[in-house]
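Here is the structure we will look at, set down as structure tokens.
Chain naming here is simple, since letters A, B, ... match the order of the sequence lines and numbering starts at 1 in each.
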There are 2 protein chains.
Amino acid sequence: MKPKIEDVARLAGVSPTTVSRVLNDRGYISNQTRDKVHDAMTKLNYFPNDVARSLFTKRSNLIGIIMPTTTNPFFGELTFHLENICASLGYKVLLCNSLNQKDKEKKYLDMLMRNQVDGIIVGTHNLGILNYQKQNLAVVSIDRYLSETIPVVSSDNYEGGKLATELLIRKGCKQIVLIDGVKELEKSYKRREAYIDTLVREVKVPIIYEIPEVFNVQKQQEIIENIFSEHPEADGIFATNDIFAASYITAAKRHGKKIPEDVKIVGYDGTETVRTVLPELTTIRQPIELIAKEAINILLREIEGEFTDFPHETKLPISLLEGSTT
Amino acid sequence: MKPKIEDVARLAGVSPTTVSRVLNDRGYISNQTRDKVHDAMTKLNYFPNDVARSLFTKRSNLIGIIMPTTTNPFFGELTFHLENICASLGYKVLLCNSLNQKDKEKKYLDMLMRNQVDGIIVGTHNLGILNYQKQNLAVVSIDRYLSETIPVVSSDNYEGGKLATELLIRKGCKQIVLIDGVKELEKSYKRREAYIDTLVREVKVPIIYEIPEVFNVQKQQEIIENIFSEHPEADGIFATNDIFAASYITAAKRHGKKIPEDVKIVGYDGTETVRTVLPELTTIRQPIELIAKEAINILLREIEGEFTDFPHETKLPISLLEGSTT
DNA sequence: CTGAAAGCGCTTACAG
DNA sequence: CTGAAAGCGCTTACAG
């Protein structure tokens, strides 16, 4: 059996109270007692039971992270940073990959609540979460508008979309196509909005392809394929994530299009993986680590009960990485 | 305040015992009572506190997953599958990104023990874990030999290394270089062993470059750069992961080498991300989802106390994906 | 500086 | 079919 505080107390010849105090470095304890207790703990190979502790303190130090899937390099990298920062602050991470499926999100949310998480960071367009707002649960959203009261942290999507579109125009593209996710997701919307605004200002016509099931590779390829038959004249592509951009590049090569001579391409995200695997891709780089830091920063302030002065939107600066696809 | 069982009991006019029985569907309860309890639960928006439950049952239904980093597409994808399977079986995942750093691994391990995880899946060369074996904690390792008693699940690394090397030989490469991690990691070793065996059989000389800090991109690039000055004659590259392969490709292009004419390249892993972003890369594909399934399968058997008949090594079949880099 | 007692929110024998 | 009591392993007022 695992040793418990009582076992340590007995071996050290003190009360459980005293052991607990040593453990938490709380109140006055004589050095002699402290040493006795420490000795007993090492002898028994004791480590405290955080479940019991949480039950009493009502603080789990657990953060729930709900992402579509860590398979996607953006979310994989974001999850890494979130977890890493949490760990450095003494928080533990319960990971949830919802694949953006509503039923899964609901189940995960229930699970997180039952496990008494102190807060949740959401990277999905999870609306079920609104039902839990009344429990005044601390929540921060990455890149998605969920409600008036849930803070959103994101890259400056409008600026990113503007930069990407302007670059393509500057490079002489006449017909610029947007490859985007579906419109309901707020993040896509701002990038798209900037694309449309910028094109319209130049008296150009927006052409938008929507990829509904972001994590269905085949579907994605089918839709991209349509661009070549429906808009063979397209000479500029702004993809709202690098995976879309890469898929387009593959298809373009198959169609004998030269990059960047025949068609120029800009992606979005600029993850470490894509920068290593496809360094030639011009892309808008998100400050992923910074996004993670800000999100946790705000979440912790919510947890500490400062439901006051944090901003509803936090837009972090993006940067343009120019490769050879433009 | 969050409602508790007692609140539900009071509202339903029954005892806490009865509510607990309804909750767990345990023992006999009249339908009428069950309905009353359910009504009260919805009225109060009650959900059970798993922390309290765990304390009593001594089952947390928590699985700890220790990976180097989900930033890496292989581990990001593996983590996704592991978590997904866990969720479908009612287990929750505590995520740890250790970056292969010993001090972090030790801290994570402590944390997992304190949180009473039912089992741990390790994707790092975490040796500190051996100290916990006495606690007879359920552990499964992915790809790394940790001890005689810890089951290892991996792709068939030797076969993969053999396939890769043989392909390069068959394609006419005279001087084949291996880009590998450091030798201590068992996984690398088998792939390397196969590379060496296969070359020696053909009376060729192995040339091995070791990349010590796998997650330090710059260091990685420096070492790869050396290949061009030290072995300009190299016309075949077997990289033990796709990221190394991609880094080499980038460098080769910079050096004006044509692929596959001047140099042929085979990677390892074949993650979804790399297959999408760099589909031209020839690689050995690991059955990542299968690895996840097997690992959890074995872990659950350990947890259920069947410390009997599971194999120490489980090697899952790899497959060769031929792109245009060979 | 140290200890006895109560309680965190559950579940499970044990009675009835 | 239902309830009172004890206990999971901890922590924290409250005494002393």
**Study point:** Within the 6.0 Å centroid threshold, strictly below: B:Tyr145 and B:His312
**Key:** yes
Check your understanding: So, B:Asp25 and B:Arg34, do they make that salt bridge, N to O below 4.0 Å?
Key -> yes
Exercise for review: Indicate, with a heavy-atom threshold strictly under 4.0 Å, whether A:Ser20 touches base, sugar-phosphate, or nothing.
Suggested key: base
Check your understanding: Regarding A:Glu77 and A:Thr273, is there a side-chain donor-to-acceptor distance under 3.5 Å anywhere?
Key -> no
Check your understanding: Which part of the nucleic acid does B:Val14 contact within heavy-atom distance under 4.0 Å: base, sugar-phosphate only, or nothing?
Key -> sugar-phosphate
Check your understanding: Less than 4.0 Å between a side-chain N and a carboxylate O, is that true for B:Glu313 and B:Arg144?
Key -> no
Check your understanding: Just the endpoints, please: which first and last nucleotides of DNA chain C, 5' to 3', lie under 4.0 Å from a heavy atom of chain B?
Key -> C:dG9 to C:dA13
Check your understanding: Contact class for A:Thr18 vs. all strands (heavy atom < 4.0 Å): base, sugar-phosphate, or nothing?
Key -> sugar-phosphate
**Study point:** Short side-chain to backbone donor-acceptor contact, B:Glu83 and A:Asn97, under 3.5 Å
**Key:** yes
Practice item. Select base, sugar-phosphate, or nothing to describe what B:Thr17 touches, counting heavy atoms under 4.0 Å on all strands. Key: base
Point to revise | Under-4.0 Å salt bridge between B:Asp7 and B:Arg10 | key: yes
Review point. Which pair of heavy atoms, one from B:Val51 and one from A:Ser54, lies closest together, and at what distance?
Key: CG1-CB, 3.9 Å
Practice item. Starting at the 5' end of DNA chain C, write a dot or bracket for each base, bracketing those in Watson-Crick or G-U wobble pairs whose two distances are under 3.5 Å and using | for partners on another strand. Key: |||.||||||||.|||
Exercise for review: Using a heavy-atom cut-off of under 4.0 Å over every strand shown, decide if A:Asp50 touches base, sugar-phosphate, or nothing.
Suggested key: nothing
Check your understanding: With a non-hydrogen cut-off below 4.0 angstrom, is A:Thr33 in contact with a base, only sugar-phosphate, or nothing?
Key -> sugar-phosphate
**Study point:** Donor-acceptor contact present, side-chain B:Asp50 to main-chain B:Arg53, <3.5 Å
**Key:** no
Exercise for review: Select from A:Lys4 and A:Arg21 the residue whose nearest nucleotide in DNA chain D is closer to the 5' end of that strand.
Suggested key: A:Lys4
